[in-house]
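A quick write-up on the structure given underneath.
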Number of protein chains: 2
Amino acid sequence: MSIASDLIRGHTDTIILGLLAVGDSYGYRINKAIRTATDGEYELKEATLYTAFRRLEDAGCIRSYWGDEESGARRRYYAITDRGREVYRQSLLEWERANRLIDKLIRPFGENGEGK
Amino acid sequence: MSIASDLIRGHTDTIILGLLAVGDSYGYRINKAIRTATDGEYELKEATLYTAFRRLEDAGCIRSYWGDEESGARRRYYAITDRGREVYRQSLLEWERANRLIDKLIRPFGENGEGK
DNA sequence: TTGAGATACCTTGACAGGCGAGGTATCTTG
DNA sequence: CAAGATACCTCGCCTGTCAAGGTATCTCAA
């Protein structure tokens with residue numbers, strides 16, 4: 001079974017920005033990269049992915065342009081912007097903070113789930 | 001500034017179950033416990049809290065009963081059920097898995113956010 | 001005594017992100 | 001020529017969060 005999407009929610013944008021920070025890419029490839037990176041444990045649904053692109057572009061975090069493929073289906077490439085890099089950095093920090101916080105909140109016993 | 005709630009989303013139920021695993025409690029106190037535990041960095045909004053109680057009770061993870069306060073405002077106490085404990089255990093495991101997954105996805109470089 | 005502030009509960013309606021379901025078009029390969 | 005991969009996209013529902021509003025009790029100071 002795959003991971004509950006509510007646990008990933010809020011990370012979608014960061015994941016995409018992280019991948020684009022390595023280099024320009026396009027939707028289909030980003031999606032595959034995620035599936036591959038997690039050995040199929042997680043995948044972004046297409047609808048989610050394209051919603052995120054829209055959102056990130058509106059926010060000025062990414063730019064897009066059509067690739068000039070000679071053959072094959074057309075691809076819309078995305079590039080991260082300076083603002084995108086900044087947002088990405090911030091998100092990493094936030095994630096670390098949230099991570100510590102959640103870990104603290106989730107285990108009132110300190111150790112594991114065994115209360116008694 | 002407090003943590004983005006999208007990062008905590010999906011953990012609300014687990015946090016509540018974790019607290020109830022220690023012992024019965026009621027809404028107001030649970031809320032304060034969370035604020036205190038995080039030094040005010042995070043707090044559950046009341047609406048969110050009561051929605052969660054409803055959800056958890058419908059799912060059979062908690063039971064509720066009215067306290068018999070002699071004075072002061074009436075309190076509705078919540079108790080975790082066996083099913084609740086089981087769900088809690090599972091959630092802890094899921095969180096660990098998700099944690100690893102997100103950490104992997106969020107940093108395509110392996111180290112930190114610095115791509116170049 | 002009256003008013004503020006803490007304790008304690010609750011509901012309504014809006015919003016945002018995820019995603020199931022559906023659609024388009026191209027290329028490759030059997 | 002059909003199937004499957006590549007590649008894009010939209011519509012509408014669902015779910016969790018939360019701002020805003022409400023109720024009632026108790027305490028304590030002015």
Side-chain angles (χ1 to χ4, degrees), chain A residues 1-17 24-36 42-59 61-62 64-78 91 98 102 105, chain B residues 1-17 24-36 42-59 61-62 64-78 87 91 98 101-102 105:
Chain A
M1 200 48 54
S2 75
I3 233 66
S5 61
D6 265 345
L7 296 189
I8 307 274
R9 195 193 180 104
H11 298 295
T12 316
D13 293 5
T14 311
I15 292 168
I16 293 172
L17 288 179
D24 296 7
S25 191
Y26 55 95
Y28 199 81
R29 193 165 70 175
I30 287 177
N31 226 5
K32 276 185 85 174
I34 292 171
R35 238 178 300 131
T36 307
Y42 185 63
E43 69 164 331
L44 271 180
K45 297 309 173 319
E46 285 202 358
T48 307
L49 185 69
Y50 289 108
T51 309
F53 282 145
R54 190 67 56 98
R55 187 169 52 235
L56 285 167
E57 191 157 22
D58 286 349
C61 292
I62 60 176
S64 70
Y65 56 92
W66 287 102
D68 54 346
E69 277 66 48
E70 307 282 284
S71 76
R74 85 233 141 109
R75 297 172 180 161
R76 186 197 282 276
Y77 282 87
Y78 294 94
S91 302
I102 294 170
L105 283 174
Chain B
M1 201 47 54
S2 76
I3 231 65
S5 60
D6 265 346
L7 296 188
I8 307 276
R9 196 190 180 105
H11 298 295
T12 314
D13 293 4
T14 311
I15 292 168
I16 293 172
L17 288 179
D24 295 7
S25 191
Y26 54 94
Y28 199 81
R29 193 164 72 176
I30 287 177
N31 226 4
K32 275 184 84 175
I34 292 171
R35 237 178 299 131
T36 306
Y42 185 64
E43 70 164 330
L44 270 179
K45 297 309 175 319
E46 283 201 359
T48 307
L49 185 69
Y50 289 109
T51 309
F53 282 145
R54 190 69 55 97
R55 187 169 52 236
L56 284 167
E57 191 156 24
D58 287 348
C61 292
I62 61 177
S64 71
Y65 56 92
W66 287 102
D68 53 346
E69 278 65 49
E70 307 281 284
S71 75
R74 86 234 141 108
R75 299 173 180 160
R76 186 197 282 275
Y77 282 86
Y78 294 94
V87 167
S91 302
L101 223 55
I102 293 171
L105 283 173

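Each chain gets a letter, A, B and so on, in the order its sequence line appears, and its residues count up from 1.
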Quiz item: Taking CZ from A:F53 and C1' from D:dA7, how many angstroms apart are they, rounded to a whole number?
Solution: 12 Å
Quiz item: Would you say B:Y26 reaches C:dA8's phosphate, i.e. side-chain N/O to OP1/OP2 under 4.0 Å?
Solution: yes
Self-check item: Phosphate OP1/OP2 of C:dT7: any B:R29 side-chain N/O under 4.0 Å
Solution: no
Quiz item: When you check the phosphate oxygens OP1 and OP2 of D:dC8, does a side-chain N or O of A:Y50 lie under 4.0 Å from one of them?
Solution: yes
Self-check item: Side-chain heavy atoms of B:R76 within contact of B:Y65, under 4.5 Å
Solution: no
Quiz item: Are B:D6 and A:H11 side-chain neighbours, meaning at least one heavy-atom pair lies under 4.5 Å?
Solution: no
Quiz item: With the sugar-phosphate defined as primed atoms, P, OP1 and OP2, and the base as all remaining atoms, what B/S/- string results for nucleotides 18-30 of chain C, 5' to 3', for protein heavy atoms under 4.0 Å?
Solution: SBB-----SS---
Quiz prompt | Per B:Y28 side chain, nearest of listed nucleotides D:dT10, C:dC9, D:dA7 | solution = C:dC9
Exercise. May I ask you to evaluate whether A:K32 reaches the phosphate of D:dA5, defined as a side-chain N or O under 4.0 Å from OP1 or OP2?
Key: no
Quiz item: Going by an N to O cut-off under 4.0 Å, is there a salt bridge joining A:D58 and A:R55?
Solution: no
Quiz item: Under 6.0 Å between the ring centres of B:Y26 and B:Y78?
Solution: no
Quiz prompt | Side chain to side chain, B:R54 and B:Y50, heavy atoms closer than 4.5 Å | solution = no
Quiz item: Sequence neighbours excluded, which residues qualify as salt bridge (Lys or Arg N to Asp or Glu O under 4.0 Å) partners of B:R35?
Solution: B:E43
Quiz item: Does B:R75 have a side-chain nitrogen or oxygen under 4.0 Å from the phosphate oxygens OP1 or OP2 of D:dT25?
Solution: no
